[in-house]
Amino acid sequence: MEERYNPQKVEPKWQRYWEERKLYKTELKPSDKKFYCLEMFPYPSGKIHMGHVRNYAIGDVIARYKKMCGYNVLHPMGWDAFGLPAENAAIEHGVHPLEWTYDNIDYMKKQLNRMGLSYDWDREINTCSPEYYKWNQWFFIKMFERGLAYRKSSYVNWCPSCATVLANEQVIAERCWRCDSVVIQKELEQWFLKITDYAEELLQACDELKGWPEKVVTMQRNWIGKSTGVEVDFKIEGIEEKIRIFTTRQDTLFGATFMCIAPAHPLVGKLVSDKDGLERIRARYGRMDEKLGLFTGHYAVNPMNDEKIPIYVANFVLMEYGTGAIMSVPAHDQRDFDFAKKYGLPIRVVIVQDSGVQGFKDSSENTISHSVTTPLESSTPHEIKEAYEGEGILVNSGQFSGLRSDIARQKIAKFIEENGLGKIVVNYKLRDWGISRQRYWGTPIPVVYCDKCGIISVSEKDLPVILPDDVKFAGKGGSPLLESETFLNTECPKCGGRARRETDTMDTFVDSSWYFIAYCFGKGNINFNSELRTQNPELKYWMPVDQYIGGVEHAVLHLLYSRFFTRVMRDLGLLSVSEPFQNLLTQGMVIKDGAKMSKSKGNVVDPDYLIEKYGADTSRLFSLFASPPEKDLDWSDKGVEGAYRFLNRLWGVVYKNKFKVQSSKFIVHNISSLQPSALSLYRKTHQTIKKVTTDIEREYHFNTAIAGLMELMNEITSFEPGSDEDWATFRFTIETVLLLLSPFSPHITEELWEAIGNKPSIFEQKWPDWDEEAAKEEQIELVIQINGKLRSRLMISPGLSDDEIKKMALEEQKIKEIVGSKTIKKVIVVKGKLVNIVTSNE
RNA sequence: GCCGGAGUGGCGGAAUUGGUAGACGCAAGGGACUUAAAAUCCCUCGGGGCUCUGCUCCGUGCCGGUUCAAAUCCGGCCUCCGGCACCA
């Protein structure tokens, strides 16, 4: 190589070397401790963006670091290759999705390799290959057999622009997560996966996700949305049927003044005669902007007090949650309050704010004898401005009056159960996962419809159901599979008669719910041993993922589905773990000019351009240095140059001293024989090993680790070696810098490692250890404070006792002057840090 | 509205257990080298004041508190970002 740092020469050289030597190939070594490091795999959209660069740079540092620390590291990569953009490209440009996808994969794989990422490409997976999606179908069949996959008709989220269904998790503020169109409700027959069977377990296990950001765990908890309450049956006057409502506030039952049912409630047909009115409500079902009600003309009877209350159909009552019917307590629920005002319904106060001052001993004291008076109780309904939703004391509630609301909830729930009025229930916001998509570019759902036998799953031996590639892309609603006769027509696996295939494909989130398990097998070897029922040794060894890294946008969707799938696989006897991801790192966004980097904002930085201009090492280094991984990264072109300068300085200092370094050996028998400047450099080197190592171990704070390396570099450039021992120290420091920097900037360190006469690869070296003794300063600076204000400094040797330090501080000239005649009240000595002298005021 | 997170120089960010606020980098200013520029190297770099090689006061969103000592802990606000949002 040459005098000047030229990443365009250095980087391809080492990429070739790594590939030829298969340096990143991983094999199962039962005796070695393993580390599974995983970054979220990309969708092959065309090119990688800065978000990928950041994500993969973080993952690569961890993988390389752990490898140097002696772990057997699994670090794979693959492609989340099914999905809409490929199909849209087919419609717009006439390219087949398959071709489009594979071209993109080729290009992006080259880009990833140019970044110098340490992937074991022998384990690459691609979700659109039949050998992968075969197992999607296999899981589906297993779930179907166990009743975990089922078909039902329901109102679904429909994106008119994508012409397909969306899962609840894919609807963001009433808009499509992908194209931002307003989502409408449509009734369709759909396939669902019964994630709700695992709701309680998924919720409970949130407590065990110690290695996850609290934020993500909270989001999962909220998404599962558990609430405990009661279901209560209300009779309907003049009609046989009852209406069952769900409430978590049974303590307000006596305050119910009307009832609301969902437009899709089964009794609506019987109760409503105004069909036009009902249509108007239905048309606005699920819309947040306006709350509409239609009086049915019927009355329900409150089982607690036999009161007649009017029944309304309301657009805001969801059929999917609870029982599709609610009691309305306007005094204690703001939405009910607004509704009551709008339709002139009565408002009755049944909870008054507890003054909290008297008459209240403890929770075992259930009743209170004194009367409670608050403004709310004395109010007539006309005077109430808003609902009181808090806790309090019950009034106007028959035998329960006087109870505290939390106790009343228990008592009333018990009363309801004992009197056969209803039961205690637990509800979750989490719904079953609708996986049917009316699209071509996805995994065919392995089901056939037979006139005789009904819905039959494809038999295991006939898997995979291949997605046909001879289809036309019209671009007008509906899947192209509907027009493929060869695909549509098939035999019934049960009776052999004519049958029609399911044309819906699976949500692509199914693909990504278990890909991390697929990597364990390696390319072409996925096999779940369905017959043997034994656990695959690879799965047993590698799972769970030790460190998962990706964007926070998947905090619910992908991460929840993966936790669900892992449990299903566990229950199928395939896995022994329940949680797929031990530790999760959610990296921040890449920001430029105050906004997230995006094509629409026009503020993107192209990784290709960056690598051409500065090289991969600089790009990686900057994206790791600019901020800690979990925070947003503010992109700065000037900052990139700073990282480039640093690598240039390193290159320069090594090449300037190359021959001298090559001929030096670091064997220091006696540290005390070193000259002061060499000793100081030697000490700083050990301090830096300690700093970099602990910064990586502690929350992956790469930014401060790199800052530490820059500090050490500053010392190296000011060090002027003279003696052999100086040169030996210098060599030691250079080697250490290269080792410590290698996970961040792998090519340049590999090159310089070779240049100073070492054998490649640097990644076969052990991560350096520090010597605590050698890292210790001979003299430490103590700060002397008077009343907490810095007044002077003192150099001392570390071994001194508190009393000695105290004495020295008080004898210090300046301190003496300031203290003068004041009385010293107290002297505080903090080891290795400071002395604080507390004096009287004068 | 509810649940998270954050607020520190001109900027990105350090400060690990309450113990020297501003590490490291960027930008800026000054200087060296050069015919010149780039690159590189050296110096300065939170604000104010003073008797200016030094000293001193103020300073981590705001107001208060605890403490010998607070960016850090407590109470009350403000602002910004992210998520959820008719969930009965």
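Below, all heavy atoms of this structure are taken into account, side chains as well, without hydrogens, waters or symmetry copies. Model, not experiment: these values are computed from the prediction. Sequence lines set the chain letters: A, B, ... in the order given, protein chains first and strands last, and positions in each chain run from 1.
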Visitor: With the side chain of A707(A) defined as its heavy atoms from C-beta on, choose the nearest nucleotide among C24(B), A15(B), C3(B).
Guide: C24(B)

Visitor: Can you tell me the distance, in whole Å, between the NZ atom of K631(A) and the P atom of G12(B)?
Guide: 11 Å

Visitor: Heavy atoms only, 4.0 Å cut-off, all strands: where does E320(A) land among base, sugar-phosphate and nothing?
Guide: nothing

Visitor: With a 4.0 Å cut-off on N to O distance, would you call R335(A) and E389(A) a salt bridge?
Guide: no

Visitor: Using whole Å, report how far OH of Y644(A) lies from C1' of A39(B).
Guide: 11 Å

Visitor: With both distances under 3.5 Å as the test, what is the Watson-Crick or G-U wobble partner of C80(B)?
Guide: G5(B)

Visitor: Within this structure, what is the CD-to-C1' distance between E697(A) and U16(B), rounded to whole angstrom?
Guide: 14 Å

Visitor: From the options U20(B), A14(B), A88(B), select the nucleotide whose nearest atom is closest to the side chain of R793(A).
Guide: U20(B)

Visitor: For C68(B), take OP1 and OP2 only and decide whether either is under 4.0 Å from a side-chain N or O of K826(A).
Guide: yes

Visitor: Please figure out whether K814(A) or H701(A) has its closest RNA chain B nucleotide nearer the 5' end.
Guide: H701(A)

Visitor: One pair to check against side-chain hydrogen bond (donor to acceptor under 3.5 Å, both in side chains): D632(A) and S627(A). What are the steps and the verdict?
Guide: CA-CA 7 Å; D632(A) 287 349; S627(A) 66; over 6 Å; no

Visitor: Which listed nucleotide (C24(B), C68(B), U16(B)) is nearest to the side chain of E711(A)?
Guide: C24(B)

Visitor: For E307(A), is there an ion pair with R348(A) - N to carboxylate O distance below 4.0 angstrom?
Guide: yes

Visitor: For C26(B) versus U53(B), give the span between their P atoms, rounded off to a whole number of Å.
Guide: 31 Å

Visitor: Syn or anti for G12(B), with syn set at within 90° of 0?
Guide: anti

Visitor: Taking atom P in both A27(B) and C42(B), what distance in whole Å separates the two?
Guide: 15 Å

Visitor: Rounded off to whole Å, could you give me the CG-to-P distance for the L790(A) and C58(B) pair?
Guide: 13 Å

Visitor: So which nucleotide from C84(B), G13(B), U20(B) ends up closest to the side chain of W223(A)?
Guide: C84(B)

Visitor: Could you give the distance separating C45(B) and G10(B) at their C1' atoms, to the nearest angstrom?
Guide: 11 Å

Visitor: Salt-bridge test for E715(A) and R683(A): reply yes if a basic N is under 4.0 Å from a carboxylate O, no otherwise.
Guide: no

Visitor: Describe the nucleic acid contact of E553(A) in one word from base, sugar-phosphate, nothing, applying a heavy-atom distance below 4.0 Å.
Guide: nothing

Visitor: Could you tell me whether the side chain of R431(A) has a donor or acceptor atom within less than 3.5 Å of a complementary atom in the base of C87(B)?
Guide: yes

Visitor: Starting from the C-alpha separation in whole Å, work towards a yes-or-no answer on side-chain hydrogen bond (donor to acceptor under 3.5 Å, both in side chains) for S227(A) and Y321(A).
Guide: CA-CA 11 Å; S227(A) 53; Y321(A) 185 77; 2.8 Å; yes

Visitor: Identify whether any heavy atom of V838(A) sits under 4.0 Å from a base atom; if not, whether one sits that close to sugar-phosphate; answer base, sugar-phosphate or nothing.
Guide: sugar-phosphate

Visitor: Mind checking who A85(B) pairs with, Watson-Crick or G-U wobble, both distances under 3.5 Å?
Guide: none

Visitor: Heavy atoms under 4.0 Å, any strand shown: does S227(A) hit a base, just sugar-phosphate, or nothing?
Guide: sugar-phosphate

Visitor: Quick one: which of G25(B), A88(B), A27(B) gets closest to the side chain of F246(A)?
Guide: A88(B)

Visitor: Rounded to whole angstrom units, what separation is found between the CZ atom of F646(A) and the P atom of A39(B)?
Guide: 19 Å

Visitor: Across all strands, who's sitting opposite U67(B) as a Watson-Crick or G-U wobble pair, both distances under 3.5 Å?
Guide: none

Visitor: Using OP1 and OP2 only, check whether a side-chain N or O of R645(A) sits under 4.0 Å from A27(B).
Guide: yes

Visitor: Look at all strands and tell whether N703(A) reaches a base, only sugar-phosphate, or nothing, counting heavy atoms closer than 4.0 Å.
Guide: sugar-phosphate

Visitor: Donor-acceptor pair, distance only, cut-off 3.5 Å: does the side chain of T296(A) make one with the backbone of I311(A)?
Guide: yes

Visitor: Within a reach of under 6.0 Å around NZ of K342(A), are more than 12 heavy atoms found that belong to other residues, nucleotides or ligands?
Guide: yes

Visitor: Can you tell me, in whole Å, how much space there is between the P of U44(B) and that of C24(B)?
Guide: 12 Å

Visitor: Indicate, with a heavy-atom threshold strictly under 4.0 Å, whether P213(A) touches base, sugar-phosphate, or nothing.
Guide: nothing

Visitor: Between K814(A) (side chain) and R791(A) (backbone), is there a donor-acceptor pair under 3.5 Å?
Guide: yes

Visitor: Can you list the steps and then say if F339(A) with Y312(A) is a ring-ring contact (aromatic ring centres under 6.0 Å, His included)?
Guide: CA-CA 11 Å; F339(A) 193 90; Y312(A) 278 76; 5.5 Å; yes

Visitor: Over how many whole Å does the gap from N714(A) atom CG to C43(B) atom P extend?
Guide: 10 Å

Visitor: Across the strands shown, which category fits R649(A) at heavy-atom distances under 4.0 angstrom: base, sugar-phosphate, nothing?
Guide: sugar-phosphate

Visitor: Need the glycosidic conformation of C84(B): syn if within 90° of 0, anti if not. Which one?
Guide: anti

Visitor: Give D632(A) one of three labels, base, sugar-phosphate or nothing, depending on what nucleic acid heavy atoms sit under 4.0 Å from its own.
Guide: sugar-phosphate

Visitor: For V783(A) and for M319(A), locate the closest nucleotide of RNA chain B by heavy-atom distance; then report the residue assigned to the nucleotide nearer the 5' terminus.
Guide: V783(A)

Visitor: Between A21(B) atom P and Q785(A) atom CD, what is the distance in whole Å?
Guide: 7 Å

Visitor: Pick the C1' atom in C11(B) and in U66(B), then give their distance to the nearest Å.
Guide: 35 Å

Visitor: Under 4.0 Å, counting only non-hydrogen atoms across every strand here, what does K789(A) touch: a base, just sugar-phosphate, or nothing?
Guide: sugar-phosphate

Visitor: Under 4.0 Å, counting only non-hydrogen atoms across every strand here, what does V317(A) touch: a base, just sugar-phosphate, or nothing?
Guide: base

Visitor: Distance check, C1' atoms only: G65(B) and U72(B), in whole angstrom units.
Guide: 15 Å

Visitor: Round to the nearest Å and state the distance from I828(A) atom CD1 to C68(B) atom C1'.
Guide: 4 Å

Visitor: Say we look at A28(B) and G19(B): how far apart would their P atoms be, to the nearest angstrom?
Guide: 35 Å

Visitor: Counting heavy atoms from C-beta on, name the nucleotide in A14(B), C68(B), C87(B) closest to the side chain of P628(A).
Guide: A14(B)

Visitor: Quick one: which of G83(B), G19(B), A15(B) gets closest to the side chain of T704(A)?
Guide: A15(B)

Visitor: Could you check which nucleotide pairs with G25(B) in any of the strands shown, counting Watson-Crick or G-U wobble with both distances under 3.5 Å?
Guide: C11(B)

Visitor: For R791(A) and C57(B), is the shortest distance between a side-chain N/O and OP1 or OP2 below 4.0 Å?
Guide: yes

Visitor: Given the P atoms of A71(B) and U8(B), what is the spacing between them in whole Å?
Guide: 15 Å

Visitor: Working to the nearest 0.5 Å, report the span between CZ of R431(A) and CD1 of I195(A).
Guide: 12.5 Å

Visitor: Tell me what D333(A) touches on the nucleic acid: a base, only sugar-phosphate, or nothing, going by heavy atoms under 4.0 Å.
Guide: nothing

Visitor: With heavy atoms under 4.0 Å as the rule, sort G642(A) into base, sugar-phosphate or nothing.
Guide: sugar-phosphate

Visitor: Select one nucleotide: of A21(B), G4(B), C87(B), the one nearest the side-chain heavy atoms of K215(A).
Guide: G4(B)

Visitor: Of all the choices, C68(B), A88(B), G12(B), which nucleotide is nearest to the side chain of N836(A) once you look at every atom?
Guide: C68(B)

